[in-house]
**Q** 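Sending over a structure as structure tokens; questions will come in a sec.
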Amino acid sequence: MNAPVEEQPDPVESSKKADYIPLYSDSGEASKIYLLPNLMTAGNLFCGFVAIIRCIQAKFASTTEGLNADFIETIARTPSQLYEQAVWFILAAVVFDMLDGRMARMTQKESLFGKEFDSLADVVSFGVAPALLVFFVLLTPTADFPLVRTIGGLVGFFYLLCAAVRLARYNVITTPLLPQAEAFPKDDFLGLPVPAAAGMVSSIVLVLNRFDLPAGALFLPILMILIAVLMVSNIHYPSLKTLGTHSRIDFRGFILLLLVFTGIFLFHFLGVAILFLGYIFFGLIRHFRRGRPERVKSTP
């Protein structure tokens, strides 16, 4: 009887394991807490928490007419203003989210703890807060349609689920414990970033609120479904984390940047919504111009 033939190890896979060196030596080094970057992440989490509180206060104020004058006067005059404050806190969380990563790279104080802390804060600020905001805003024009409210709640959970999946996937594909894969370039995000998704949803709520279009809230579930699908898609979106004082830009990019800032200055809340909408469509247009991305395979 012939002896079983031992399976020889793949030399390519062996060389990958031999050449790969972990970025952190132990769990103590990976879990270091650096003040400035994590302070910005704490600011992100605080803004998300306050946005949730404002949504609850707005709903409470709208259902206790005549009893909430003293309560609401201290922070806003109407429930609509409370919802608007929630939107601005979500947008402030987007700013804090941009600052924490930039500070970590500038000070070279990056850690796995900071990445995980940032993702947990993002779930609150860009997952729970926008979902709750849309759900409460949707309740007003659908008071006589319980089925629509139920669907709105399910859509809000679907958005939150996709946001959590998007963040978990990002942490996995960017972990220093694994080699970088070709399909995940460092200058791009795989799927719509969660801050951009939350910014798009909240800015649309702000537009509907400013123009007093409660019936327009009926389109928010459709918008949330589309954005949720984009978050877990394989579409590459450009990352802004590499931009800095030494970044170069061509003439067309410079003109486009001037137009963006001019639009925000002139149209305020409309300009913010157009900014996020432009980012979403930029990724979509670039994706279809380049074609579908190749399957994921690790580089040796």
Side-chain angles (χ1 to χ4, degrees), residues 48 51-52 54-56 58-59 62 79-80 82-84 86-91 93-94 122-167 169 189-237 267 269-288 292:
I52 293 173
R54 288 292 184 266
C55 291
I56 296 173
K59 184 57 186 172
S62 63
S80 295
L82 286 168
Y83 284 130
E84 187 167 320
V87 170
W88 287 119
F89 273 107
I90 293 174
L91 295 178
V94 174
D122 288 352
V123 168
V124 175
S125 299
F126 309 133
V128 178
L132 197 64
L133 173 67
V134 170
F135 179 68
F136 281 163
V137 169
L138 191 65
L139 288 180
T140 302
T142 60
D144 299 328
F145 303 98
L147 179 61
V148 177
R149 296 202 306 271
T150 302
I151 294 175
L154 293 175
V155 169
F157 173 73
F158 178 69
Y159 171 88
L160 175 60
L161 176 65
C162 290
V165 169
R166 165 70 177 78
L167 291 166
R169 181 176 67 172
F189 289 119
L190 186 67
L192 180 67
V194 179
M200 183 74 263
V201 172
S202 57
S203 61
I204 291 297
V205 171
L206 183 61
V207 171
L208 295 176
N209 191 53
R210 284 294 183 91
F211 285 107
D212 194 18
L213 299 173
L218 297 175
F219 296 98
L220 287 175
I222 300 175
L223 175 67
M224 292 194 76
I225 291 176
L226 294 176
I227 290 179
V229 171
L230 287 177
M231 282 193 289
V232 296
S233 69
N234 289 328
I235 298 175
H236 290 187
Y237 278 88
F267 302 105
F269 57 94
L270 278 177
V272 174
I274 293 173
L275 175 63
F276 285 108
L277 190 65
Y279 180 79
I280 291 175
F281 275 100
F282 177 81
L284 287 171
I285 294 172
R286 191 179 65 162
H287 171 76
F288 288 111
R292 298 181 62 181

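Residue numbers count from 1 along this sequence.
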**Q** Rounded to the nearest 0.5 Å, what's the gap from OG on Ser125 to CD1 on Ile52? Could you check?
**A** 7.5 Å

**Q** Evaluate side-chain contact (heavy atoms from CB on, under 4.5 Å) for Leu230 paired with Leu284, printing each intermediate quantity in order.
**A** CA-CA 9 Å; Leu230 287 177; Leu284 287 171; 3.8 Å; yes

**Q** What are the two closest heavy atoms between Ala273 and Val207, and how far apart are they?
**A** CB-CG2, 4.0 Å

**Q** Before giving the answer on side-chain contact (heavy atoms from CB on, under 4.5 Å), spell out for Val155 and Val134 the whole-Å C-alpha distance, their side-chain angles and the decisive distance to 0.1 Å.
**A** CA-CA 10 Å; Val155 169; Val134 170; over 6 Å; no

**Q** So, for Leu160 and Val128, which heavy atoms are closest and what is the spacing to 0.1 Å?
**A** CD1-N, 3.6 Å

**Q** Distance from Phe219 atom CZ to Leu226 atom CG, nearest 0.5 Å?
**A** 12.5 Å

**Q** For the pair Leu270 and Phe211, evaluate side-chain contact (heavy atoms from CB on, under 4.5 Å) and give the outcome as yes or no after the intermediate values.
**A** CA-CA 11 Å; Leu270 278 177; Phe211 285 107; 4.1 Å; yes

**Q** Give me the atom names and distance for the closest heavy-atom approach of Met231 to Ala163.
**A** CE-N, 3.7 Å

**Q** Given ring pair (Phe, Tyr, Trp, His ring centres under 6.0 Å), test Tyr83 with Phe136 step by step and report yes or no.
**A** CA-CA 9 Å; Tyr83 284 130; Phe136 281 163; 7.1 Å; no

**Q** Are any of the side-chain heavy atoms of Val272 and Leu206 separated by less than 4.5 Å?
**A** no

**Q** Looking at Glu84 and Arg54, does any basic side-chain N land under 4.0 Å from a carboxylate oxygen?
**A** no

**Q** Strictly distance-based, threshold 3.5 Å: is any side-chain N or O of Arg286 a donor or acceptor partner for the main-chain N or O of His236?
**A** yes

**Q** Identify the heavy atoms of Cys162 and Val232 that sit nearest to each other, and give their distance.
**A** O-CG1, 3.6 Å

**Q** State, yes or no, whether a side-chain contact exists between Leu220 and Leu208 at a heavy-atom distance under 4.5 Å.
**A** yes

**Q** Find the distance between CD1 (Ile274) and OG (Ser203) and round it off to the nearest 0.5 Å.
**A** 10.0 Å

**Q** Rounded to the nearest 0.5 Å, how far does CD1 of Ile204 lie from CE of Met224?
**A** 12.5 Å

**Q** Arg166 side chain to Leu192 main-chain N or O, any donor-acceptor pair under 3.5 Å?
**A** yes

**Q** Measure from the side-chain N and O atoms of Ser202 to the backbone N and O of Gly199, and report whether any donor-acceptor pair falls under 3.5 Å.
**A** yes

**Q** Could you tell me which non-hydrogen atom of Pro193 sits nearest to which non-hydrogen atom of Tyr279, and how far apart they are?
**A** CG-OH, 3.5 Å

**Q** Set out, in order, the CA-CA distance, both residues' side-chain angles and the distance that settles side-chain contact (heavy atoms from CB on, under 4.5 Å) for Phe276 and Val201, then state yes or no.
**A** CA-CA 9 Å; Phe276 285 108; Val201 172; over 6 Å; no

**Q** Between the side chain of Tyr159 and the main-chain N/O of Gly127, is any donor-acceptor distance below 3.5 Å?
**A** no

**Q** Determine the minimum heavy-atom distance between Ala51 and Ile90, stating which atoms define it.
**A** CB-CG1, 3.8 Å

**Q** Rounded at 0.5 Å granularity, tell me how far CD1 in Ile280 sits from CD1 in Ile235.
**A** 10.5 Å

**Q** Distance check, rounded to the nearest 0.5 Å: Phe158 atom CZ versus Ile227 atom CD1?
**A** 12.0 Å

